[in-house]
Every structure is written in C-alpha cells, then in structure tokens.
Asks: 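My questions will all concern the structure given below.
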Amino acid sequence: MKRLHCKKLINIFSISLICCLLAISCNHKKNDVAFEQTVTFENSNWDFTHRTLEFDANITDTISPYRIEVELKYGPDDERVDEMPVSFSVTAPDGAKSSVPSAFLFKDEENNSEIAATSAKASQSQYRVLYEKKYFNCSGVYHFRLNRHSEKFDNYNIQSLTLRVIKI
C-alpha cells in the first residue's frame, strides 16, 4: 500500500517538475528590451523643425543579436499623407555608422471598404522593424537617429514614436 502511494507522489512530482520546466523555458524565450524610449509630440504634431529624433543607448552585450524597431502611434486624420518616409542611422562609439531607409504607410489602397474606412478613423499604431538582426561590435553608448523625410510641413495627429532595441 505504501509503495502505491509513493508511486503516485513520484508521478505527481514528475508532472509538476515538467510543468515548471515548460513554464521557465517559455519565459526564457521572451525577448529582452535593452533600450526603449518614447517621444511624445506636443499637440499630436510632429512638426518640421523637430523632424529628426535622436536617442543614446548604452549597449554592453557585444555577442547577442538585437532587433531594432520603432512604433508610431497616431490618431484619425483624413488629410494625412499616404506615406511618411524615414531614415534611421546607428553610430557606434568608435564612429562606425550604418543606416537604413523605411516608411510608414497610412493608406490602404487595396481595401477601400466601409470597414477599412471606419477602422482608419480610430487611433492606430504601426511597427517598423529597422534591423531584424543587428550586432553591436563594441561596448558603449550608441547614437540612434531617425529622420522624417517630407516636405517642409508639420505632420498632425502623430501622437508618439517609440524606439526599441530588443535582444533576441
């Protein structure tokens, strides 16, 4: 009788251990945010005079790859441009520089349905991955620069922009 009870305890312990290991391994796969900074635009206006945003991040891990992404939050605006091109550059502590172009798209040309028009009026956000896999070769403070390319006009209803550097 005691042996049967002992086997049940061992089975329960084994199942509990497996569940704990699975939970730990799922959390271990979660990406680590190495840097995150949000710029909020006063009156939801990304004005032309402040079209360049600059960030400084101290990166110490030179072995792991990182993903660099931006999130743009904006509100409804029927007069917004269809596309907002941007360029993004990274300057290393040793002066090495890399850059990449990107763009935020605000018009869905393929879907002109009533549902698309209604959803376009709600507050939205867009993610752009600037670097899917970026290695930082030296430890130190990296300078990130995002430049909005457009005519000499303000961009209204742009609420905020968040830059994230995520260890993958």
Side-chain angles (χ1 to χ4, degrees), residues 17-42 44-75 77 80-111 119-120 122-168:
L17 181 63
I18 290 171
C19 289
C20 288
L21 290 174
L22 285 173
I24 291 170
S25 67
C26 290
N27 287 338
H28 182 67
K29 299 253 185 209
K30 186 177 178 184
N31 295 327
D32 296 324
V33 176
F35 176 80
E36 180 176 42
Q37 185 175 343
T38 300
V39 174
T40 303
F41 301 108
E42 187 176 333
S44 295
N45 175 21
W46 188 355
D47 64 329
F48 181 75
T49 58
H50 297 102
R51 68 189 174 278
T52 301
L53 304 177
E54 300 189 28
F55 308 88
D56 290 318
N58 187 25
I59 305 293
T60 56
D61 184 352
T62 59
I63 297 172
S64 301
Y66 292 84
R67 182 176 68 245
I68 301 176
E69 65 185 30
V70 289
E71 177 186 10
L72 185 73
K73 291 188 178 180
Y74 53 93
D77 185 2
R80 184 183 295 112
V81 295
D82 295 343
E83 178 180 299
M84 183 173 50
V86 295
S87 61
F88 182 76
S89 65
V90 178
T91 305
D94 64 359
K97 187 175 181 179
S98 67
S99 61
V100 63
S102 188
F104 293 100
L105 305 174
F106 299 109
K107 184 177 178 184
D108 185 8
E109 295 177 11
E110 294 179 12
N111 192 355
S119 66
S123 291
Q124 298 181 25
S125 66
Q126 286 187 37
Y127 286 90
R128 290 290 175 259
V129 175
L130 301 170
Y131 289 93
E132 189 67 45
K133 197 177 222 183
K134 173 83 173 154
Y135 288 91
F136 295 105
N137 295 330
C138 58
S139 181
V141 177
Y142 281 79
H143 184 73
F144 302 110
R145 181 179 176 157
L146 184 100
N147 189 35
R148 172 177 66 95
H149 302 285
S150 62
E151 299 294 325
K152 294 184 178 183
F153 299 109
D154 295 352
N155 273 355
Y156 293 100
N157 273 338
I158 305 295
Q159 297 164 349
S160 66
L161 184 131
T162 301
L163 172 71
R164 288 184 195 89
V165 180
I166 303 166
K167 189 188 308 186
I168 51 176

Asks: Roughly how far apart are S44 OG and K73 NZ, rounded to 0.5 Å?
Replies: 12.0 Å
Asks: Would you compute the distance between atom CD of Q159 and atom CG of L72 and round it to the nearest 0.5 angstrom?
Replies: 9.0 Å
Asks: For atom NZ of K134, is the number of surrounding heavy atoms from other residues, nucleotides or ligands below 6.0 Å larger than 12?
Replies: yes
Asks: Taking the six-membered ring for Trp, are the ring centroids of Y66 and F136 within less than 6.0 Å of each other?
Replies: yes
Asks: Just jot down the side chain to side chain contact (heavy atoms under 4.5 Å, CB included) partners of A92, sequence neighbours excluded, or say none.
Replies: D94, A96, C138, Y142
Asks: Taking the side chain as every heavy atom from C-beta outward, state whether D32 and I168 have any pair of such atoms under 4.5 Å apart.
Replies: no
Asks: Are side-chain heavy atoms of Y74 and Q124 found at a separation under 4.5 Å?
Replies: yes
Asks: What's the spacing between L163 CG and L130 CG if we round to 0.5 Å?
Replies: 7.5 Å
Asks: Please work out whether the ring planes of F144 and F88 are parallel, tilted or perpendicular, with thresholds of 30° and 60°.
Replies: parallel
Asks: Side chains of F35 and V33, heavy atoms from C-beta outward: is any pair under 4.5 Å?
Replies: no
Asks: R51: which residues meet the salt bridge (Lys or Arg N to Asp or Glu O under 4.0 Å) condition with it, sequence neighbours left out?
Replies: none
Asks: Would you indicate whether the side-chain heavy atoms of Y131 and E69 approach each other to under 4.5 Å?
Replies: no
Asks: State, with a plain yes or no, whether a side-chain heavy atom of T91 is found less than 4.5 Å away from one of R145.
Replies: no
Asks: For H50, does the NE2 atom have more than 12 heavy-atom neighbours from other residues, nucleotides or ligands under 6.0 Å away?
Replies: no
Asks: For the backbone of T162 and the side chain of E36, can you confirm whether one donor and one acceptor N or O come within less than 3.5 Å of each other?
Replies: no
Asks: Can you tell me if R128 uses its side chain to pair, donor with acceptor, with the backbone of A103 under 3.5 Å?
Replies: yes
Asks: Might you work through the side chain to side chain contact (heavy atoms under 4.5 Å, CB included) test for Y135 and I63, ending with a clear yes or no?
Replies: CA-CA 7 Å; Y135 288 91; I63 297 172; over 6 Å; no
Asks: In a check of side-chain contact (heavy atoms from CB on, under 4.5 Å) between F41 and each of D47, N157, L161, which one passes?
Replies: L161
Asks: Measure the OG-CG distance between S102 and L146 for me, rounded to the nearest 0.5 Å.
Replies: 8.5 Å
Asks: Nearest 0.5 Å, what's the NZ-CZ distance between K133 and R67?
Replies: 12.0 Å
Asks: Which residue pairs pass the salt bridge (charged side-chain N to carboxylate O under 4.0 Å, His left out) test with at least one member in residues 52-63, sequence neighbours excluded?
Replies: D61-K167
Asks: Return the minimal non-hydrogen interatomic distance between R148 and F48, and the atom names on each side.
Replies: NH2-CA, 3.2 Å
Asks: Give me the atom names and distance for the closest heavy-atom approach of T38 to S160.
Replies: CG2-CB, 3.9 Å
